[in-house]
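Structure first, then comments.
The sequence lines fix the lettering, A, B, ..., with proteins before strands; numbering per chain opens at 1.
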There are 2 protein chains.
Amino acid sequence: MRPTVHDIADTAGVSLATVDRVLNDRPGVRGVTKAKVEAAIATLGYVRDVAAANLAKSRVYPLVFILPAGDNPFMRGLEAEVRRAGFHSAAERTRLSVVPVPAFDAAALVAAIDGAVADQVSGIAAVAVDAPEVAAAIGRAHAAGVPVVTLVSDLANSGRDHFVGVDNVAAGRTAGSLMGRFLGNRPGPVAVLAGSMRVRDHRERLDGFLATIAEMPVGRAVLPVLEGQDDPKLSLSLVSGCLASTPDLAGIYSLGAGNQGLVAALADRTDLCVIAHELTAHTRAALETGIIDAVLNQDAGHEVRSAIRVLRAKADGLPVIAAQERIRLDIFIKDNLPAGPDEDDNN
Amino acid sequence: MRPTVHDIADTAGVSLATVDRVLNDRPGVRGVTKAKVEAAIATLGYVRDVAAANLAKSRVYPLVFILPAGDNPFMRGLEAEVRRAGFHSAAERTRLSVVPVPAFDAAALVAAIDGAVADQVSGIAAVAVDAPEVAAAIGRAHAAGVPVVTLVSDLANSGRDHFVGVDNVAAGRTAGSLMGRFLGNRPGPVAVLAGSMRVRDHRERLDGFLATIAEMPVGRAVLPVLEGQDDPKLSLSLVSGCLASTPDLAGIYSLGAGNQGLVAALADRTDLCVIAHELTAHTRAALETGIIDAVLNQDAGHEVRSAIRVLRAKADGLPVIAAQERIRLDIFIKDNLPAGPDEDDNN
DNA sequence: GAATTTTTGATGTACGTAAATCAGAAATTT
DNA sequence: AAATTTCTGATTTACGTACATCAAAAATTC
């Protein structure tokens with residue numbers, strides 16, 4: 001059996017109360033005694049039974065996820081994963097809530113962050129909008145002792161404790177690399193459909209993509225970026241216009257959330273090389289019909305669970321194992337699509 | 001706060017003892033009373049606090065992982081993940097142990113399974129060797145009430161409770177599909193390097209690969225399978241021989257664990273399209289230098305944690321959520337390689 | 001050496017569940 | 001209606017930790 005606090009008390013020759021004082025950093029222990037206890041802990045290899053500790057503490061960790069509202073399928077997927085995690089995380093004494101804010105609205109995001117701090121939550125996860133007032137709000141939360149992680153899109157120099165998301169430059173490079181390989185020596189320019197260049201993750205993906213295309217031995221032109229605002233209708237018209245004006249178009253990289261419009265514009269044109277982001281109902285269907293050739297995906301479930309782990313660790317003052325919290329970039333083609341639309345693993 | 005057993009007792013108008021009897025399927029409860037309790041559970045939305053329950057039970061779950069010995073990097077990775085999971089799973093009252101057996105040795109595997117059953121473990125995870133005596137041993141374990149999951153390579157008709165691993169036919173199809181796209185209309189045959197055709201997962205991968213190649217509009221020859229027995233030296237010589245005798249070779253699909261030999265044989269030939277399985281030190285390095293173009297990977301950490309969850313659920317008589325336990329097939333190219341060699345997430 | 005402060009011990013309660021015992025109530029059978 | 005069986009209630013202990021209280025011991029100061 002694992003050693004308990006009683007075993008420590010016995011081998012250290014002190015009372016249970018003293019062990020408790022050492023373990024929980026309570027005052028009133030001489031240095032000598034503390035050392036004795038710590039030695040006993042080390043020799044016995046004691047590790048606190050977190051389940052029992054949490055039970056005794058009956059502490060709950062209210063965590064808030066601030067997510068963009070609207071019909072962005074990826075964000076809705078994130079929200080679904082939060083709910084799913086909330087269902088399972090009751091045992092871990094975590095209480096999750098979702099606060100929707102208008103997309104790209106810095107003021108609303110600031111209000112939501114300040115509100116969460118006022119509510120005394122133990123942690124905040126937010127999809128950051130790249131604005132100085134948001135960085136200031138995150139700074140205030142951090143100063144108030146509330147850990148903050150940025151989700152999906154980062155905000156450097158904001159005092160956020162951690163970023164949960166993929167390396168978006170690498171994502172862009174991956175898209176460029178696949179595009180190059182799939183096209184081979186087929187001629188023609190490629191187009192890029194983004195949401196907005198004011199969003200950091202979109203900018204980073206574009207940078208990576210352009211860099212990889214530029215490095216290729218086959219020179220290939222990249223048309224000016226189409227900014228569809230992640231809106232289905234606008235994306236549809238932009239892509240349609242591009243198709244009409246560029247008959248020799250070879251491929252499209254859709255790095256934002258405008259895939260519904262993209263797929264609508266392409267109809268049944270399977271001759272183009274199309275690479276998109278995030279596995280949703282639309283992209284999945286388009287992969288299966290051959291309209292889209294590859295989908296790059298960040299697993300919403302993994303991100304949510306990573307955010308929860310990080311926030312809990314921060315709330316407890318524990319270290320975060322960076323390597324363990326790295327979010328992978330998944331590549332999906334028609335043949336390795338996961339089975340269900342609601343696939344996920346709790347791994 | 002979450003409802004507790006006391007709340008159920010109150011709203012159902014019964015005693016704590018009766019609630020306990022219903023919750024733990026103990027005898028001595030009339031159908032009417034049981035229904036009352038279950039109604040209370042439903043209306044209150046009670047969920048058992050597993051942490052408290054495990055604490056009270058002070059039950060431990062000894063689980064055994066039976067893995068092939070030897071220097072197969074993927075198997076060693078699996079073992080490392082078991083150790084890592086064991087470190088974290090102390091809180092979940094799971095005790096993990098690894099039993100190494102000679103690779104492809106059915107008799108040794110049978111002995112290990114029977115030994116685990118004799119040791120009264122609560123669950124067995126084993127990399128199955130495709131032999132009738134192994135199926136029989138698994139059947140004995142199952143009959144003795146010990147749940148068994150097959151890991152990586154399945155064994156149908158054996159009475160195993162669950163299979164933890166990827167869909168290997170889909171893996172082969174993915175490899176074929178990528179190979180076709182990467183090669184485009186470049187002519188030349190492709191070679192296949194396998195470990196052994198007597199292993200089920202290798203056969204399945206080959207089937208998927210051949211089917212996809214055959215479906216392609218561009219006719220492409222596949223050379224006879226090279227069986228390298230997952231041995232570096234044998235694989236090296238087989239691939240070298242193939243390269244010498246087939247100057248117009250366009251690509252190689254390595255579906256087993258012979259990648260060290262494969263990479264050695266290819267030296268610095270980056271002109272071939274090479275697709276391999278499992279992200280190890282060798283395949284990672286070869287991806288980075290361009291010798292290998294894509295690596296298909298099953299995440300050892302995910303598999304181990306899935307196996308643990310499934311075995312615990314089976315041991316407790318709980319249902320397994322199949323969708324949650326599906327293992328994904330990762331595609332890695334140079335650009336989306338995860339950062340560290342010991343990358344992993346506990347998600 | 002007395003008075004004070006600091007450190008330690010002893011003890012109890014709590015968290016939510018499991019599991020056992022024993023008495024009493026209700027249902028069933030005779 | 002009595003005897004029996006089946007069901008239910010009340011109560012207790014335990015799991016490993018957290019946390020509080022009060023007394024006792026040790027160290028420190030005056």
Measure from the side chain of A:Tyr46, starting at C-beta and using heavy atoms only, and say which of C:dG16, C:dA19, D:dT17 lies closest. D:dT17
Could you check whether B:Asn24 and B:Arg48, counting side-chain N and O atoms only, form a donor-acceptor pair closer than 3.5 Å? yes
Quick one: is D:dA18 close enough that its OP1 or OP2 comes under 4.0 Å of any side-chain N or O from A:Arg48? yes
OP1 or OP2 of C:dA26 versus the side-chain N and O atoms of B:Arg30: is any pair under 4.0 Å? no
Round to the nearest Å and state the distance from B:Asp20 atom CG to D:dT13 atom P. 17 Å
A:Asp7 bridged to A:Arg2 by N-O distance under 4.0 Å: no
Check this one for me: any side-chain N or O of A:Thr4 less than 4.0 Å away from OP1 or OP2 of D:dG16? no
Heavy atoms only, 4.0 Å cut-off, all strands: where does B:Ala53 land among base, sugar-phosphate and nothing? sugar-phosphate
Without decimals, in angstroms, what is the distance between A:His6 NE2 and C:dG9 C1'? 14 Å
Closest heavy-atom pair and its distance - A:Thr280, A:Pro73: CG2-CB, 3.6 Å
B:Arg2 CZ - C:dC15 C1' separation (whole Å): 12 Å
Taking for each residue the nucleotide of DNA chain C bearing the nearest heavy atom, is the 5' side occupied by A:Pro27 or by B:Ala52? A:Pro27
If you check the B:Lys57 side chain, which of D:dT17, D:dG9, C:dA19 turns out closest? C:dA19
Please round to the nearest 0.5 Å and tell me the distance separating atom OG1 of B:Thr11 and atom NZ of B:Lys36. 10.5 Å
Go through D:dT17, C:dG9, C:dG16 for me and flag the one nearest to the A:Ala56 side chain. D:dT17
Within the structure, does a side-chain N or O atom of A:Ser15 lie under 4.0 Å from either OP1 or OP2 of C:dG9? yes
Relative to the 5' end of DNA chain C, which residue comes earlier, A:Leu16 or B:Val5, by the nucleotide with the nearest heavy atom? A:Leu16
When you check the gap from the basic side-chain N to the acidic O, do B:Arg140 and B:Asp114 get nearer than 4.0 Å? yes
May I ask you to say what B:Gly13 touches in the nucleic acid, namely base, sugar-phosphate or nothing, with a heavy-atom cut-off under 4.0 Å? sugar-phosphate
Minimum-distance nucleotide to A:Ala17 side chain [options: D:dA18, C:dT17, C:dG9]: C:dG9
